[in-house]
Undergrad: 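This structure is in structure tokens; I'll ask about it shortly.
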Protein chains: 2
Amino acid sequence: MTKARKALLEVLKTSEEPVSASHLIKHPSIRFDQATVYRNLHYLEEQGMADSFILHCTEHGTERYYSYRNREDASHHHWFHCQICHRFIDLGDCRYDEQLSRWEQAYGFTVCDHTFFLTGLCKACKSSTASAN
Amino acid sequence: MTKARKALLEVLKTSEEPVSASHLIKHPSIRFDQATVYRNLHYLEEQGMADSFILHCTEHGTERYYSYRNREDASHHHWFHCQICHRFIDLGDCRYDEQLSRWEQAYGFTVCDHTFFLTGLCKACKSSTASAN
DNA sequence: AATAATTTGCGAATGACTTGCAAATATGAG
DNA sequence: CTCATATTTGCAAGTCATTCGCAAATTATT
């Protein structure tokens, strides 16, 4: 495992929320070229050590966000994204396995991946925006 | 309602699956500049006449896909996308309302939008790929 | 029909992500 | 530990979807 990969994995592992490539590129412990960052994020995801999804946010535009994934347990999380403060809230482990296999049986397809996330206003931003009445 | 908007809405209305901006731009009945297409897709979505989500596919890259939405009934659909033939399969009306309000209560946030879709191999592509054994 | 407001087309810009290639680093056989 | 091979890195230049500025054209108002 190269230095770049170790460094990226470390940031993902210790991050509370999904992080974008641009965020990683600016991160002090990631002193690698953007191409290296992108290439290794792909690598980590291929190896089952990271998860990602694409989200559009008014402030940061359309970007892919990555989070650490333990190769052992197959679990991944889903997230809520606040449109004001742009923070993520962890909704916990994915609970869609059953629903997915029901769909697989109903339609005959095989699901390789799924994307699910919420966007809206978090509790804090809702109250600070309430002044707009 | 301008000609461009009418034309776009007509294509969305008659399309069986979500369509991307690039697809619309190439569509014979859409003889408008790409900027006009993009601007009006935003407009239609703002007005509640269209729905969209961003999906990355190996053949077409990362693009936003639009589908017609009836302003009256709030329903929208979710989709499965085949990674081989790149067609969409309609999974029917969204059934996440309850789950979303449970989350809203648990976390105190307000959900404005959500994204959900599946990717994988459709029935037909699975069998034609079976030769890879 | 005349005027004001909105929309269009064009061309150039933006920003995320990718690629080619030579230099640098990791791997691993001896 | 060392040389040879395979892989990865940095750099600079692309791609590609999407956006923007602005003048001309269209639509809505009066």
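Numbered from 1 within each chain, the chains take letters A, B, ... in sequence-line order.
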Undergrad: Using a cut-off of less than 4.0 Å, is there contact between a side-chain N or O of Arg64(A) and OP1 or OP2 of dC17(C)?
TA: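 Negative; the distance criterion is not met.
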Undergrad: Mind running a 4.0 Å heavy-atom check of residues 7-34 of chain A against DNA chain D and sending the residues that fall below it, in number order?
TA: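 Those residues whose heavy atoms fall under 4.0 Å from DNA chain D, taken from residues 7-34 of chain A in numerical order, are Arg31(A), Phe32(A), Asp33(A).
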Undergrad: Verify the ring-centre separation between Phe88(B) and Phe117(B): is it less than 6.0 angstrom?
TA: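 No; Phe88(B) has its ring centre 6.0 Å or more from that of Phe117(B).
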Undergrad: Is there a donor-acceptor pair closer than 3.5 Å between any side-chain N or O of Lys13(A) and the backbone N or O of Arg69(A)?
TA: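 No, Lys13(A) side chain to Arg69(A) backbone: no donor-acceptor pair under 3.5 Å.
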Undergrad: Below 4.0 angstrom from OP1 or OP2 of dG9(C), is there any side-chain N or O of Thr36(B)?
TA: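 Yes, within the criterion.
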Undergrad: Please confirm whether the shortest side-chain N or O distance from His42(A) to OP1 or OP2 of dT18(C) is below 4.0 Å.
TA: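 For dT18(C), OP1 or OP2 has a side-chain N or O of His42(A) closer than 4.0 Å.
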Undergrad: Among dA16(C), dC10(C), dT19(C), which nucleotide has an atom closest to any side-chain atom of Glu63(A)?
TA: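 In terms of side-chain proximity for Glu63(A), the closest of dA16(C), dC10(C), dT19(C) is dA16(C).
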Undergrad: When you look at His114(B) and His78(B), which way does the side-chain contact (heavy atoms from CB on, under 4.5 Å) test go after all the steps?
TA: CA-CA 10 Å; His114(B) 68 274; His78(B) 290 308; 3.2 Å; yes
Undergrad: Bend across the helix from dA1(C)-dT30(D) to dG30(C)-dC1(D), to 10°, with axes taken over 5 pairs at each end?
TA: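 The helix from dA1(C)-dT30(D) to dG30(C)-dC1(D) shows an end-to-end axis angle of 40°.
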Undergrad: Please give me every residue in residues 44-62 of chain A whose heavy atoms get under 4.0 Å of an atom in DNA chain D, ordered by residue number.
TA: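 Heavy-atom cutoff 4.0 Å gives no residues at all.
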Undergrad: Taking the side chain of Lys3(A) as its heavy atoms from C-beta onward, which of dC11(D), dA26(C), dC10(C) lies nearest to it?
TA: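 In terms of side-chain proximity for Lys3(A), the closest of dC11(D), dA26(C), dC10(C) is dA26(C).
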Undergrad: For the atom pair CD (Gln83(A)) and OG1 (Thr119(A)), what is the distance rounded to the nearest 0.5 Å?
TA: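 Nearest 0.5 Å value for the CD-OG1 distance: 4.5 Å.
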Undergrad: According to a strict under-4.0 Å criterion, is Arg39(A) in side-chain N/O contact with OP1 or OP2 of dT7(D)?
TA: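 So the side chain of Arg39(A) is outside the cut-off, no N or O lying under 4.0 Å from OP1 or OP2 of dT7(D).
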Undergrad: So, does Tyr38(A) get its side chain near the phosphate of dC17(C), meaning an N or O under 4.0 Å from OP1 or OP2?
TA: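 So the side chain of Tyr38(A) is within the cut-off, an N or O lying under 4.0 Å from OP1 or OP2 of dC17(C).
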Undergrad: Decide yes or no on side-chain contact (heavy atoms from CB on, under 4.5 Å) for Phe80(A) and Trp103(B), but give the supporting numbers first.
TA: CA-CA 10 Å; Phe80(A) 167 91; Trp103(B) 267 320; over 6 Å; no
